[in-house]
Amino acid sequence: MHIDLSGRTALVTGASRGIGRAIALALGASGAAVVVNYRGSEAAANEVVAQLTQAGGKAIAVQGDVSDAASHDGLIKATTDAFGRLDILINNAGITRDNLLLRMKADDIDAVLNTNLRGVMLLTKAALRPMMKNKWGRIVSMSSIIGLTGNAGQANYAATKAGLLGFTKSVALEMASRNITANAICPGFIETDMTAAAMTDDLRAKALERVPLGRLGTPEDIANAVVFLASDAAAYITGQTLAVDGGWTMY
Ligand code: NAP
């Protein structure tokens, strides 16, 4: 199957590093024009844009904090001003503020909810109008296996990632008649700054024991699934949750 996204424009949140960076590069390699959103890592976002444009693609970097709803219209406008349309929204940006619930501060709950859930809901809402105009749209949101199973020390994060699944199904139902699909991906343990910060060697070994495929995932493993869900090849798939986890959730 050859996936061709030429003529499409994608907005990828949190695309300066990690999974979002790999998604931006993969969508660009498939022909989409890409808006590389970042919060603070400007140089890294510019490097992603340089890689995309050097390969002959179209890309811009746009700063914007997804937890700040006031930035959303600017993000959408920057996308449509640069490329004339918005077809694909990848809600990838996400944060952790881990602690046991007994010790978790209200700020840690608010920050994670605002970025991982409220921000996704309001940015998706803002993205629907240009997609409805095109009579075509793809929304892919980055949940987590932790949203399926829960995790001690991540009650705030797990709640947002589980919340995204219900949100995705609701948007899928509301938008089906408009030819806009919404799906969620649940990555397993993927090698990025996020996991490097949280994982001791011991935790890493324990995680590996639970992965039937015998390795941690790469950002490219996730990006491949995103490109498929963002394409015409996935036209009959909506409201679904796809675990890309090396088989972790079978246990
Ligand atoms: P990461 O390495 O920590 O990178 C996070 C990215 O999100 C960065 O580009 C960062 O931009 C951006 N970001 C953070 N807060 C933002 C905000 N408020 N507004 C805009 N951008 C923001 O994370 P990752 O591991 O690639 O994870 C990406 C997504 O996958 C997250 O939603 C995460 O929950 C999910 N996930 C990851 C794993 C895993 O094992 N890594 C597993 C399951 C799910 P700046 O650098 O500019 O701040």
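All values reported here derive from a predicted model rather than from experimental measurement. Atoms within each ligand, like the ligands themselves, are counted from 1 in listed order.
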* **Closest non-hydrogen atom pair, Gly147 against Ala162** => O-CB, 3.4 Å
* Asked: At what distance is the nearest protein heavy atom to atom 28 (C) of ligand 1, and which residue and atom is it?
  -> Asn92 OD1, 3.3 Å
* **Residue and atom name of the nearest protein heavy atom (relative to atom 7 (O) of ligand 1), distance in Å to one decimal** => Gly14 CA, 3.5 Å
* Asked: Which of the atoms in ligand 1, numbered in the order shown and given with their element, are less than 4.0 Å from a heavy-atom of Gly18?
  -> 26 (O)
* Verdict with reasoning, Tyr157 to Asn116, per side chain to side chain contact (heavy atoms under 4.5 Å, CB included) -> CA-CA 8 Å; Tyr157 182 80; Asn116 296 10; 3.5 Å; yes
* Does at least one non-hydrogen atom of Ser143 fall below 4.0 angstrom from an atom of ligand 1? -> yes
* Test Glu191 against Arg204 for salt bridge (charged side-chain N to carboxylate O under 4.0 Å, His left out), laying out the working first. => CA-CA 10 Å; Glu191 308 251 27; Arg204 189 189 172 87; 3.0 Å; yes
* Run the numbers for me: atoms of ligand 1, each under 4.0 Å from some heavy atom of Phe189, listed by number. => 40 (O)
* How close do Thr238 and Ala172 get, heavy atom to heavy atom, and via which atoms? -> OG1-CB, 3.3 Å
* So which heavy atom in the protein is nearest atom 11 (O) of ligand 1, and how far is it from that ligand atom? -> Ser16 OG, 3.3 Å
* Asked: So is Thr195 close enough to ligand 1, meaning a heavy atom under 4.0 angstrom away?
  -> yes
* Would one find an N or O of Asp65, backbone or side chain, under 3.5 Å from an N or O of ligand 1? -> yes
* Would you give the length of the straight line joining atom CD1 of Ile23 to atom CD1 of Ile185, rounded to the nearest 0.5 angstrom? => 6.5 Å
* **Of all pairs that satisfy ring-ring contact (aromatic ring centres under 6.0 Å, His included), the ones with a partner from residues 27-68, not counting sequence neighbours** => none
* Asked: Going by heavy atoms, is Gly119 under 4.0 Å from ligand 1?
  -> no
* To do: Report, in ascending order of atom number, the atoms of ligand 1 lying under 4.0 Å from any heavy atom of Ile190.
  => 39 (C), 40 (O), 41 (N)
* To do: May I have the step-by-step check of salt bridge (charged side-chain N to carboxylate O under 4.0 Å, His left out) for Arg215 and Asp221, ending in yes or no?
  => CA-CA 12 Å; Arg215 64 173 175 87; Asp221 288 321; 2.8 Å; yes
* Which ligand 1 atoms does Tyr157 reach within 4.0 Å, using its non-hydrogen atoms? -> 33 (C), 34 (O), 35 (C), 36 (N), 43 (C), 44 (C)
* Asked: Of the non-hydrogen atoms in Ile139 and Leu128, which two are nearest, and what is the gap between them?
  -> CD1-CD2, 3.8 Å
* Structure fact -> Heavy-atom proximity to atom 13 (N) of ligand 1 ranks first, among Ala93, Ser67, Gly20, for Ala93
* Between Thr124 and Asn91, is any side-chain donor less than 3.5 angstrom from a side-chain acceptor? -> yes
* To do: Please collect all side-chain hydrogen bond (donor to acceptor under 3.5 Å, both in side chains) contacts where either partner lies in residues 59-71, sequence neighbours excluded, each pair once.
  => Asp65-Ser67
* To do: Could you list the atoms of ligand 1 found under 4.0 angstrom from a heavy atom of Met142?
  => 29 (C), 30 (O), 35 (C)
* State the atoms of ligand 1, each with its element, that fall below the 4.0 Å cut-off from a heavy-atom position in Gly94. => 31 (C), 32 (O)
* Give the numbers and elements of all ligand 1 atoms closer than 4.0 Å to a heavy atom of Asn37. => 20 (C), 21 (N)
* ligand 1 N/O within reach of Val66 N/O, cut-off under 3.5 Å -> yes
* **ligand 1 contacted by Lys161 (non-hydrogen, < 4.0 Å)** => yes
* To do: Check the side chains of Gln154 and Asp98 for a donor-acceptor pair under 3.5 angstrom, ignoring hydrogens and angles.
  => yes
* Non-hydrogen atom of Ala45 closer than 4.0 Å to ligand 1 -> no
* Is there any N or O on Tyr38 that sits under 3.5 Å from an N or O of ligand 1? -> no
* Structure fact -> re atom 42 (C) of ligand 1, the protein heavy-atom contact at minimum distance is Gly188 O, 3.0 Å
* In ligand 1, which numbered atoms sit nearer than 4.0 Å to a non-hydrogen atom of Asp193? -> 2 (O)
* Is it true that Lys77 and Asp73 have a side-chain N and a carboxylate O under 4.0 angstrom from each other? -> no
